[in-house]
Amino acid sequence: MSIESVDPVIVGGPAPAPPVFDARGEKRIARRERLRLLVRRPGFIVGSVILLFWIVCAVGGDNITPLDPINDFDVSNQRPNADHLFGTDQLGRDVFSRVMAGARDVLIAAPIAAVLSVAMGSMLGVIMGYYRGWVDEVLSRIIEALLSIPVVLVALLIISVLGASAIIVIGTVAVLFTPIVARTVRAATLAEAQLDYVTAARLRGESGLFVMTREILPNISGTITVEFTVRVGYAVFTISTLSFLGAGIQPPSPDWGLTISDTYRLIQAGFWWPTLFPALAIASLVIATNLVADSIDTVRSA
Amino acid sequence: MDWKRFDRARRSVGPIELDLIESYAQGKISRRTFLHRGAIVGLSAPFLATILAACGSDEPGGQTDGQTGGGTPRKGGTIKVANQKPVSTDPVAMQDLPGYGIVAQCFEFLATLGPDGDIAPGLAESWEPNDDGSVWTFQLRQGVKWQDGSDFTSADVAATMDRLAEAGNSGLQGVLEKGGVDASDPAVAVFNLTGPNGNLPYLVSLYNAQTPITPVDYETGTTLQDSPNGTGPWILDQFDANTGCTFSRNPDYWGEAPLLDAQEMTFFDDPGTMITAIQGGQADAIVQFPAIAGAALLNDPNFTVLDVQAATHQQVWMRCDTGQFADPRVRQALAMTFDREGMVQTLFNGRGVIGNDHVIAPFFPYFDDSVPQRTKDDEGARQLLSAAGFADGLKATLQAVKFQEIPDFAALIQAGARAAGFELELAVEPVDTFYGTQWCPPKPADPPCSGAAELGIVNYGHRPTPDVYLNAALSTGGVWNSSQYSSSEFDAAFKGFQSSIGVEEQTVAAGQLETILNEDVPVGVAYFYNYLAGHSSKLTGVQVSALGQMYVDKAGFTE
Amino acid sequence: MTRYILRRVALSLVTLYLLATMVFIIVNVLPDDPGRRIAGPFAPQEIVDSLNERLGVNDPLLDQYARLLRNVVTFDFGESFKFGQPVKEVMLPALGRSAKLVVLGFVLTVPISIAAGIFAARRRNSFADRSVVTLGLASSSIPEFVSGVTLQFVIGVQLGWLPVLALAPSDAGLIGELRYLLLPALALVAVYFGYIARITRAGTIMALDSDYTRTAVMKGLSGRRVLTRHVMRNALQPTVAVIGTQIGYLFSGLIGLELIFNYPGLGSLLVNAASDKDFPLLTAGVILVGVIYMLTTLTADLIIAWMNPRSRLAGDRA
């Protein structure tokens, strides 16, 4: 449960205000340049390949798994062998097929939760960073208070009252992540709002809404992208943790966190494979999103 | 057969006992059943031995369920027991096995656990019914003292039974009313029942776990730790609901003083951790463990498994009044898809017996084994389904609670039923919400459980007699009747079962119930599984019931 | 500095007030009948009603709100439903146990991860650097309940080197207690080593690249001196901030480890309180955890302010 409550605040933004003329074209060139740098980074390539693999698994589901992950039963607790690459679980289902199919639930839930939290958090963050003053003070205190609430505990409480449906799990994780995103985006906005082009826009008499959405938001899109990839990683972790505690996705879904919680006690009976492989799957997904996030961040600030 | 000895023996007993002896002599019941029933009706051990000797024993020695022998234990030492965290330790109100196990260390029952897993004299030295079984007289053990020094008398028994009657104890309800125990003789407790009941000794034994005798001035709602004043072999020293409790030997115990000096009981949230504690040497005994996660213990030469047959089972309920399962052929079809042997093997490592879609467990003495066993038959199931109008298959949602092996059981049902044309969707809910939304929602309240889901799985714990299952889950209007089963034939058969007294009569009545349930299938019962406990093989003399009561007063370390 | 501290403390009090309000909203907004929840679906309505009466859920909302705020000030939340004891008496032992585990975990983690982070930063892009980064990322990506069970099985059961349960017997003494806590603490190390090492590495790289480091080197100061006097001071600020928030978070966040090692800490106590609907215990627990979080982040901020006087002028971080 090492879900971070706080992340290193990403300060500093992209290059300073572009010249007034041909801003669009120059931006496009800069973007292409960054993309070129990105694909040359091994971390990005490895991360993307892993991500792509899991996306294929999630989309393909039981159509592409070697065996039916839910309905095919063989002798239970077989060690990894030629027929069952990752062995079979306590009911005799193929662990390899279950790990592949298990990508679906988390790959749907995690990005949606991340998108929601990044959308809400960015909105709050930009407002706080742009207006500053009392708006910022009040919202900051609320965010601080939200951050001090134990994440998993509140999630468990909400889920125990409202039931453990996918929508509730996604919504809960999204709400819990929002303040963290808001804090990061606020920091980026603060740095951006002091730059000349924002001042210029203000002097032109543009409305606050215009400045925030048309001027600031595009310029902190890098920060937001990184924040999104990082949040996806943590969402995977949080959703798995909730499943582990019995409050997330329910059986017979081959979801990784759920599978781990159902099988981790078999390790002491010598059956390590039904637990180890989903654990490695979670790790690989988290690492992959981190690699991609790190690469984007490095290229952006280079 | 030694007729002379036999005849002398049978002359000295009443009609209920006589029926039992006759049944055994005529070979209608097994030796094991005979001993079991004999204990209930209060025949003494020497008497039973006389009968057995007279009839000549033709069966191998009885199985010593839930008890270990071997090795000479030494005196002294502290045993570390792993138990799950108790929910309640209020003797009258507790509902959880961990709570039962703790309270049973300090407080004792009129009838306690015998060496063969059956009941044996506890605080009552002997008991006997009147001719029709409506009045039972318990001779109380003399010289028993409460831990505070006062004497144990029939007033304590009467007060305890009044508290239980007031609280609506599930076993005694309708059997004994408040004021039903006559305590005019301090050494004798006379139970005047509302009607005949052949099972009363069970209902005041450890198998009706809320009935330990508490002092006359004990207030309802008091927990063990508030007032740890029992008659038992152990004195509660410390209690922390979060971590555990400790007991020391009661030096003034009426029976043989425990060999061990003390007991340290640790509470756990996770049963898996209890197994790890045994493996890591931080616990000597484990009150209960699941067969699959505990697979390592089952094969461990340094660990002694206590394997107790129990009536614990899961009921796959199917709504009989409305919906797709209203046609009995559909219910029969689903039950026909169960791979029962496979389930017992996969879910319990073989530690259980298969069920036949009724609730009379095979080890009940009145189990009728002549009812044909339903076996897996996908083709037969498909035909039944088509005859019922579901030629193209049937789609339904199977509701299950996330408790023990139930999600896995549900997955096996789902997969096994596909070949016959059932397309089942699983919906698993946490314990928190399941019972109140899927099984027996509080509304609509009349009849009870009429808001239940069409198809679901619910768990039933061990009971010494099947009455609760038959009454609450299957009788018309029963409080837990989630299948909304209503059969006048069944209700009549259940009445007959309750009022039948002799073993032979009970077996006939049970056979009727089995046949009706197996035919109508309001609930699918795929298995009954064993209660598993155990301890380090350094120990001997540990005994356990299927209700979480682990007795270590005769236990000791052998090395 | 005094002014800064006062300001931070005052802001924390405001946050605490908001936290209490939020807890109040969560408990009240959720569509629920607490009495029914506690008594179960089959309890008679009278029992449910009397429970609700005892809980005060029928009182006007404003009264309930005022009562909660008063409880926060006096830190007296009445009796726990489940234990029938004052909430304080149930919670304090659990808090003590959580504190021991978290502190031991961080005492083990922090020195090695900071050392590894600085080591990696000074050999940027070398094999050693990449190893630290990758190892760290991998170890912190395995859920701690998995690393916990694995450690427990291998070191505790197979090798028999350490106790598999974390709660020491009452006569164990301090050293004995540490032995019992070592396995779960090691699981914490596995999770946090990578995180803290990476933060430290990033901070150190930023500091090494900065103007003041270059100036110091040009002034002719020795490499070691530059590192201790100039780089560390700045490089470790994000590390301190992260440690502060994580310690606060972990007091209630170790539910999985507590379950696996049967360690009755604050996390499992509160999870059980949530499933038992023990509202007094739950409310008190959430607020206590909030206070701890604020204290640890406040401490971290003060340390940062001491390390870098400029941050005091920048006002508060949030």
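Throughout, a chain's letter reflects where its sequence line sits, starting with A, and its residues are numbered from 1. In this text the structure is predicted, and so the values were computed from the model without any measurement.
To the nearest 0.5 angstrom, C/Met22 atom CE is 4.0 Å from A/Leu146 atom CG. A distance of 10.0 Å separates CD1 in A/Ile142 from OG1 in C/Thr15, rounded to the nearest 0.5 Å. We find the OG-CG distance between A/Ser140 and C/Leu18 to be 11.0 Å, quoted to the nearest 0.5 Å. Of the inter-residue distances, the one linking C/Phe145 atom CZ with A/Ile260 atom CD1 reads 5.5 Å to the nearest 0.5 angstrom.
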Check step by step if side-chain contact (heavy atoms from CB on, under 4.5 Å) holds for A/Asn290 and C/Arg198. CA-CA 12 Å; A/Asn290 265 285; C/Arg198 285 172 67 210; 3.7 Å; yes
So A/Glu144 and C/Leu19, side-chain contact (heavy atoms from CB on, under 4.5 Å) or not? Walk me through it. CA-CA 9 Å; A/Glu144 185 85 349; C/Leu19 171 65; over 6 Å; no
Mind running side-chain contact (heavy atoms from CB on, under 4.5 Å) on C/Ile142 and A/Leu280 for me, showing each step along the way? CA-CA 7 Å; C/Ile142 304 256; A/Leu280 289 180; 4.3 Å; yes
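Of the two parts of C/Leu282, only the side chain, counted from C-beta on, holds a non-hydrogen atom closer than 4.5 Å to a non-hydrogen atom of chain A. Interface residue C/Val146: only side-chain heavy atoms are found under 4.5 Å from chain A. Of the two parts of C/Gln152, only the side chain, counted from C-beta on, holds a non-hydrogen atom closer than 4.5 Å to a non-hydrogen atom of chain A.
Taking a 6.0 Å sphere around CD1 of A/Ile167, one finds it holds 12 or fewer heavy atoms contributed by other residues, nucleotides or ligands.
Ranked by heavy-atom pairs under 4.5 Å with chain A, the list C/Ile292, C/Val133, C/Ile260 is led by C/Ile260.
Qualifying salt bridge (Lys or Arg N to Asp or Glu O under 4.0 Å) partners for A/Asp89, counting only residues two or more places apart in sequence or in other chains: A/Arg93, A/Arg98.
Residues C/Leu259 and A/Tyr264 come closest through the heavy atom pair CD2-OH, 4.4 Å.
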